[in-house]
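Notes follow the structure.
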Amino acid sequence: MEQNPYRFRRSPALQRGGVSLSPIPCRIVSNEEFQPPAQTLQQALVEELIEQRSEALSRSLGMDRRAFLKTSGGMALALLTMNSIFGRFFDVLDVEAVEPGAFAERKGDPYFILDAQTHYVSRHYDPNDQASRTGRIPKKMFLSLRKKAKHQGWNPDLKNDKLTMEDLDWENFIKEVYLDSETSIAVLSTPPGLFAEDAVLPPSEISHIRNEINRLTASRRMLAHGFTAPQLKEAAKDSLAMQVETLKIEALKLYTGFPGEGFQHGWWMDDEKIAYPILEESRKLGLRRVCVHKGLPLGPDADYNHPRDMIKAAKDFPDISFLIYHAGLKDADMAEHDFKKTGSIPWTTEFCRMKQKEPGIKNIHMEIGNSFGQLVSTNPEICAHWLGQILMAFGDDHVIWGTDSIWYGSPQWQIEAFRRFQIPDQLVDKHGYPRLTRQVKEKIFGLNGAKVYGVDVKARRSEFPKDYISQIKMAYLDQGPAPSHRYYGWAAK
């Protein structure tokens, strides 16, 4: 595992996968690309209070506590508990914890939700469990780490878990993302590898799963990322051409912090010798969506994940839409400390200021996957500043929804958190942040992503109620939904 320079070191203090009693995970979950920090004191308190309060409340309702916490009342209780610890950042009332009708009414009309960052791990990935010279990571190693965590007692939640490969595969993805959440369209992505087909989820399989899902549902429920490593030069261009022409990928995913086997460090998006040839090739092929991992540092040199290079690249390629994944957030764990000391949120604040000096740039979009999930569950106040700064710098039409599921489990908890999240009036008045109105949330949840990806929202809204996923979901809900509350990434024990 240590051969792979963009991975963090495993230790007994980490556990992969688990089950959260709370509807909102009270810990940061890693997507395999960064070291997850320990649970904060506030998160531990929220978790403890949810457990205590749900015991009495579920008993009064004649329910088992675990069953109650999987209902809308359990979600309302979790949000109410977070308000009691962090201050009122979530628009939720006491009655919603005991009256499902009240929760449904205040929830409002459904949003069109395009999740621009989802993942799963290929069942066929490296079946011999051997890491190759290209630095790929065996899927079975993921499973063996979970087994070790179970047998050594690192994670009690895994005691009765069968620990099969299937829970990392796409059948489970369908349940977690489409049946247990309100996600309308998911974009399937992959962590990096040096060669595209050695990635944890290679583009050929991403496009195959997309095609199967869309064929079976007779609608456009899934979009596919491609991947390449610009350091490979002509080989990278050839790989991209194949992915565009044969696999019909909808966007290209790039990782500037990932050096790859045989390279000493990452690279920059404004490097005219490394990055520009692949951007020119993408443009020539008609692929005008480029997604770049920025923030949540991976690789031996964190600085290559800083988004500062996107300004020049965006100016030099104005016809390409650049999606900045994780919105350039460096570290949720230190965000509060840095904000109190400097008034800045690491990397994101600096990037927002850079953008404000370049008002003519219109082709940068801030994708908030994983960063929102981390900040909203650890410090909603910092999350409010972070969202407020992004909205001020980029505008509410350039912020895109993403969750980094399936690492974090079903995206529904993030959907509920964002639906109810508000930037408090005092922060709006003091800093001039925009309010998170229904209209703003509609844009972020799906309309902005749909515009970038060329999705006809009106047509999709018309066809989705009749497609196969909606039929399956209807039957599933009629039988009684069973959200797993599982997460699949790494968390501190």
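Worth saying up front: this structure is predicted, and the values here are computed from it rather than measured. In what follows, every heavy atom counts, from backbone to side chain, and hydrogens, waters and symmetry copies are set aside.
Considering only heavy atoms from C-beta on, F351 comes within 4.5 Å of I324 through its side chain. Counting only heavy atoms from C-beta outward, the side chains of L69 and R65 approach each other to under 4.5 Å. Contact check for D303 versus W268: side-chain heavy atoms found under the 4.5 Å cut-off. Residues M392 and C352 form no side-chain contact, since every pair of their non-hydrogen atoms from C-beta on lies 4.5 Å or further apart.
Contact check on R106 versus E96 returns a salt bridge, with a Lys/Arg side-chain nitrogen under 4.0 Å from an Asp/Glu carboxylate oxygen. With respect to the salt-bridge test (charged N to carboxylate O, under 4.0 angstrom), the residues D309 and K294 qualify. Salt-bridge annotation for E182 and K107: present, with a side-chain N of the basic residue lying under 4.0 Å from a carboxylate O of the acidic one. Between R435 and D425, at least one side-chain N (NZ, or NE/NH1/NH2) sits under 4.0 Å from a carboxylate O, which counts as a salt bridge.
Ring geometry for H306 against W347 counts as tilted: the plane angle lies between 30° and 60°, on a 0 to 90° scale. Classification of the H385-F339 ring pair by plane angle, with boundaries at 30° and 60°, yields tilted. Taking the six-membered ring for Trp and thresholds of 30 and 60 degrees, H365 and H398 have nearly parallel ring planes, at less than 30 degrees apart. Taking the six-membered ring for Trp and thresholds of 30 and 60 degrees, W407 and H119 have ring planes inclined between 30 and 60 degrees apart.
For K473 and Y178, the positive end is not near the middle of the six-membered ring at less than 6.0 Å and at most 45° from its axis. The cationic group of R419 does not satisfy the cation-pi geometry with F90, failing either the under 6.0 Å distance to the six-membered ring centre or the 45° limit from the ring axis. Because its NZ or CZ atom is both nearer than 6.0 Å to the ring centre of F103 and within 45° of the ring axis, R420 counts as a cation-pi partner of that residue.
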Could you go step by step and tell me if I406 and Y487 meet the side chain to side chain contact (heavy atoms under 4.5 Å, CB included) rule? CA-CA 7 Å; I406 195 173; Y487 56 89; over 6 Å; no

What's the verdict on ring-ring contact (aromatic ring centres under 6.0 Å, His included) for F418 and W401, showing C-alpha distance, side-chain angles and the deciding distance? CA-CA 10 Å; F418 186 65; W401 179 250; 5.3 Å; yes

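A 6.0 Å sphere centred on CD of Q426 holds more than 12 heavy atoms belonging to other residues, nucleotides or ligands.
Every pair passing salt bridge (charged side-chain N to carboxylate O under 4.0 Å, His left out) that includes a residue from residues 393-408 is listed here, sequence neighbours excluded: D396-K443.
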Distance-only donor-acceptor pairs under 3.5 Å for side chains of residues 44-52, two or more places apart:
residue, atom, partner, partner atom, Å
E47, OE1, Q39, NE2, 3.0
E48, OE2, Q52, NE2, 3.2

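For the side chain to side chain donor-acceptor pair (under 3.5 Å) with S484, the lone residue among K70, E176, K175 that qualifies is E176.
A donor atom on one side chain and an acceptor atom on the other are not found under 3.5 Å apart for D115 and T183.
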